[in-house]
Amino acid sequence: MRIATWNVNSIRQRLDHLLYWLKEVEPDVVCLQEIKCVDEAFPRQEIEALGYNVATHGQKTFNGVAILSKFPMEVERGLPGDDADEQARYIEATIPHGATIVRVASIYLPNGNPAPGDKYDYKLRWMNRLISHTRELLKLEEPLVLAGDYNVIPDERDARDASAWATDALFLPATRAKFRELLDLGLTEALRATTDADGLYTFWDYQAGAWQRNNGIRIDHLLLSPQAADRLRGVAIDSEMRAREKPRDHVPIRVDLD
DNA sequence: ATGACTTGCGCGGCAAGA
């Protein structure tokens with residue numbers, strides 16, 4: 001089962017890139033972030049035409065997440081823990097896979113800049129909610145994949161120039177500590193289960209020729225429960241999508257599970 | 001040294017992103 005995540009920075013812009021990639025890579029499940037539209041505006045027909053079921057949790061102008069699946073799915077929208085939170089950043093699906101089911105969440109974790117400030121406080125509160133919810137999900141002992149744009153640079157090797165991010169909400173010690181707290185519940189970070197290499201990025205800024213200089217950061221992650229990690233067969237970053245004309249700033253990252 | 005793009009909204013620039 002091939003499961004991917006991609007922050008598309010508006011689903012309606014350059015839908016052709018997404019459709020091309022879906023045909024080329026043939027993922028079974030795709031987690032999308034920053035669709036930047038309400039559910040009614042999502043280009044559902046074009047994606048369904050490629051054989052996908054579509055579940056969205058949209059919002060006007062900002063945020064918005066979705067899951068595409070070749071298999072039927074049951075869906076929950078929103079991250080538990082704060083009924084007053086109106087930002088669409090979490091959608092979760094259970095998907096039958098052989099004799100078991102796989103649970104997949106599409107996560108758009110808050111950016112948090114500027115830090116310190118209200119936005120950074122919201123980021124840390126959101127991470128606490130994600131930790132609480134994940135603790136409950138892990139009790140199910142299912143194959144679980146938490147995939148998305150975490151807006152977290154886990155380690156110095158995950159940025160071309162870590163010193164440039166020293167005071168940024170994506171790299172502050174408190175951010176990285178929360179991310180470790182999440183992993184320490186018993187999750188495996190898929191890419192780091194397969195390689196210790198530096199220079200592997202999923203985001204390059206639009207500005208200042210960041211792509212041409214490979215000045216990137218690794219902030220899109222797939223976190224696996226033990227039952228999913230046991231099935232891990234490979235990880236790939238589709239960085240060639242960043243080289244296309246009018247690219248998104250993020251590229252897809254994906255896992256293959258038995 | 002600084003700023004450097006791109007999006008939605010909606011028609012003038014601003015907020016937000018990372």
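Note: hydrogens, waters and symmetry copies are ignored here, and every other heavy atom, side chains too, is used. Below, chains carry the letters A, B, ... as their sequence lines are ordered, and counting in each starts from 1.
One C1' atom belongs to B/dT7, the other to B/dA1, and the distance between them is 28 Å to the nearest Å. One P atom belongs to B/dA16, the other to B/dT2, and the distance between them is 24 Å to the nearest Å. Taking atom P in both B/dT6 and B/dG10, the straight-line distance is 22 Å, to the nearest Å. On the C1' atoms, B/dG12 is 14 Å away from B/dG8, given to the nearest whole Å.
Within the 4.0 angstrom heavy-atom criterion, only backbone atoms of the sugar-phosphate kind lie near A/Asn151; the bases stay farther away. Among the atoms of the strands shown, only primed sugar atoms or phosphate atoms (P, OP1, OP2) are found under 4.0 Å from some heavy atom of A/Asp149. Among the heavy atoms of the strands lying under 4.0 Å from A/Tyr108 are primed sugar atoms or P, OP1, OP2 only; no base atom is included. A/Asn7 comes within 4.0 angstrom of the backbone, heavy atoms only, and of no base.
Along DNA chain B, the stretch of nucleotides lying under 4.0 Å from any heavy atom of chain A spans, 5' to 3', B/dA4 to B/dA18.
Counting only heavy atoms from C-beta outward, the side chains of A/Trp21 and A/Val30 approach each other to under 4.5 Å.
Salt-bridge check for A/Arg129 with A/Asp85: passed, with a basic side-chain N closer than 4.0 Å to an acidic carboxylate O. We find that A/Asp16 and A/Lys246 are not joined by a salt bridge, their nearest charged nitrogen and carboxylate oxygen being 4.0 Å or further apart.
Heavy-atom neighbours of A/Glu86 CD from other residues, nucleotides or ligands within 6.0 Å: at or below the threshold of 12.
Where A/Pro247 and A/Asn111 meet DNA chain B, the nucleotide closest to each residue was compared, and A/Pro247 sits on the side nearer the 5' end. Remark on DNA chain B: of its neighbouring residues A/Gly112 and A/Asn9, the 5'-side contact belongs to A/Asn9, judged by nearest-heavy-atom nucleotide.
Contact between A/Ile11 and A/Leu18 at its shortest, heavy atoms only, is CD1-CD2, 3.5 Å. Between A/Gln33 and A/Ile107, the shortest heavy-atom distance links the atoms CG-O, 3.3 Å.
Near-neighbour residues of DNA chain B inside residues 31-43 of chain A, defined by a heavy atom below 4.0 Å, number-ordered: A/Glu34, A/Lys36.
Taking the ring centre of A/Tyr20 as origin, the terminal cationic atom of A/Arg244 falls inside the region bounded by 6.0 Å and 45° from the ring axis. For the pair A/Lys36 and A/Phe62, the NZ or CZ position fails the cation-pi test of under 6.0 Å to the six-membered ring centre and within 45 degrees of the ring normal.
Taking the six-membered ring where the residue is Trp, A/His97 and A/Phe71 present tilted rings, their angle falling between 30° and 60°.
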